[in-house]
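Everything below concerns the one structure shown next.
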Amino acid sequence: MFEKLKDWTLRRAIRKQAPRQVLFQNYKDIKTVLIVYESEYTEQNAIIKRLRDDLVKDGKDVSLLGYVDKKEIISLVLPKSRIIGKKNLTWLDQPNEEVILFMQQSHYDLLLDLTMRPCRPLHYLALNARADFKAGLDMTKGILDFMISTTEQSSPIFLFEQIVRYLKIINSKL
């Protein structure tokens with residue numbers, strides 16, 4: 001019963017959000033990127049860090065915001081990287097006020113949601129992030145501006161590569 005209430009609350013939050021003014025930029029003009037992802041339980045996230053490094057090589061300023069389904073987080077809170085856990089959520093799986101304030105401090109040209117399966121806390125993070133353009137896997141309608149449909153066997157690397165590929169293709173056609 002609580003799960004249905006949590007799902008209903010998320011759908012309500014999506015419906016109540018103000019209409020977005022989507023600003024699509026050429027890939028080469030994107031300066032700031034926020035990657036939202038589901039962290040490994042060990043919080044090492046080598047794959048995500050590799051993807052961040054690829055974007056940094058392209059001249060992007062990248063921030064990371066992850067979620068792991070455990071109470072105590074061992075990773076440091078850094079200006080460009082943070083992992084949140086159950087302790088940072090309300091009983092409805094919404095990020096608490098501290099996390100929302102942390103997210104609202106910066107504005108991004110692009111949000112890359114590398115969430116590979118439904119995860120309420122990550123959906124809320126993507127919903128509340130201040131980003132001109134939001135892209136990710138086609139899971140929850142009303143949060144992202146650009147959605148990719150892939151097979152269930154795909155990985156965050158594959159999703160990342162597909163999103164960047166499509167953004168570059170679209171840019172070349174404009």
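By convention here, the first residue in the shown sequence is residue 1. Nothing here was measured: the structure is a model prediction, and the numbers come from that model.
Within the 4.5 Å cutoff, no side-chain heavy atoms of His123 are placed close to those of Gln94. Counting heavy atoms from C-beta on, the side chains of Lys168 and Arg165 never come closer than 4.5 Å. Side-chain contact between Tyr41 and Lys70: present, with at least one pair of heavy atoms (C-beta onward) separated by less than 4.5 Å. At least one side-chain heavy atom of Leu10 sits under 4.5 Å from a side-chain heavy atom of Ile14. The closest side-chain heavy-atom distance from Leu111 to Phe133 is not below 4.5 Å. Residues Leu51 and Leu114 have side chains in contact (heavy-atom distance under 4.5 Å, counting atoms from C-beta outward).
When atom types are taken as modelled, the side chain of Lys80 and the backbone of Asp61 share no donor-acceptor pair closer than 3.5 angstrom. Judged by distance alone, with hydrogens and angles left aside, the side-chain atoms of Gln17 form no donor-acceptor pair with the main-chain N or O of Asn128 at under 3.5 Å. With Arg20 contributing its side chain and Ala131 its backbone, the two residues share a donor-acceptor pair below 3.5 Å. Here the side chain of Lys71 pairs no donor or acceptor atom with the backbone of Gly85 at under 3.5 angstrom. A donor-acceptor contact shorter than 3.5 Å links the side chain of Asn96 to the backbone of Glu98. Asp113 contributes a side-chain N or O that, together with a main-chain N or O of Thr115, makes up a donor-acceptor pair within less than 3.5 Å. Asp109 places a side-chain N or O within 3.5 Å of a backbone atom of Lys31 that can act as its donor or acceptor partner.
Using a 3.5 Å distance cut-off with no hydrogens or angles, the side chains of Ser75 and Glu43 do pair a donor with an acceptor. In this structure, a donor-acceptor pair under 3.5 Å is absent between the side chains of Asn88 and Tyr67. A donor-acceptor contact closer than 3.5 angstrom links the side chains of Ser39 and Asn45.
Within the model, atoms CG of Asp7 and CD of Glu3 stand 7.0 Å from one another, a figure rounded to the nearest 0.5 Å. The distance from atom CD1 of Ile84 to atom CG of Leu125, rounded to the nearest 0.5 Å, is 4.5 Å.
Taking hydrophobic clusters as Ile, Leu, Val, Met, Phe, Trp and Tyr residues chained together by side-chain heavy-atom distances below 4.5 Å, Leu112 does not share a cluster with Phe158. The cluster map of Ile, Leu, Val, Met, Phe, Trp and Tyr, joined by side-chain heavy atoms under 4.5 Å apart, puts Val99 and Leu89 in the same cluster.
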- request: Kindly indicate, with the supporting measurements, whether the criterion side-chain hydrogen bond (donor to acceptor under 3.5 Å, both in side chains) is fulfilled by Asp132 and His107.
  value: CA-CA 8 Å; Asp132 293 334; His107 183 271; 3.0 Å; yes
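Between Arg117 and Met139, the shortest heavy-atom contact is C-SD, 3.3 Å. Between Leu92 and Tyr124, the shortest heavy-atom distance links the atoms O-CE1, 4.1 Å.
Salt-bridge annotation for Asp69 and Lys86: present, with a side-chain N of the basic residue lying under 4.0 Å from a carboxylate O of the acidic one.
For the pair Lys134 and Phe146, the NZ or CZ position fails the cation-pi test of under 6.0 Å to the six-membered ring centre and within 45 degrees of the ring normal. In this structure, Arg130 is not positioned above the aromatic face of Tyr108 in the sense of NZ or CZ being under 6.0 Å from the six-membered ring centre and within 45° of the axis.
Sparse packing is recorded around CD1 of Ile47, with 12 or fewer heavy atoms of other residues, nucleotides or ligands lying under 6.0 Å away.
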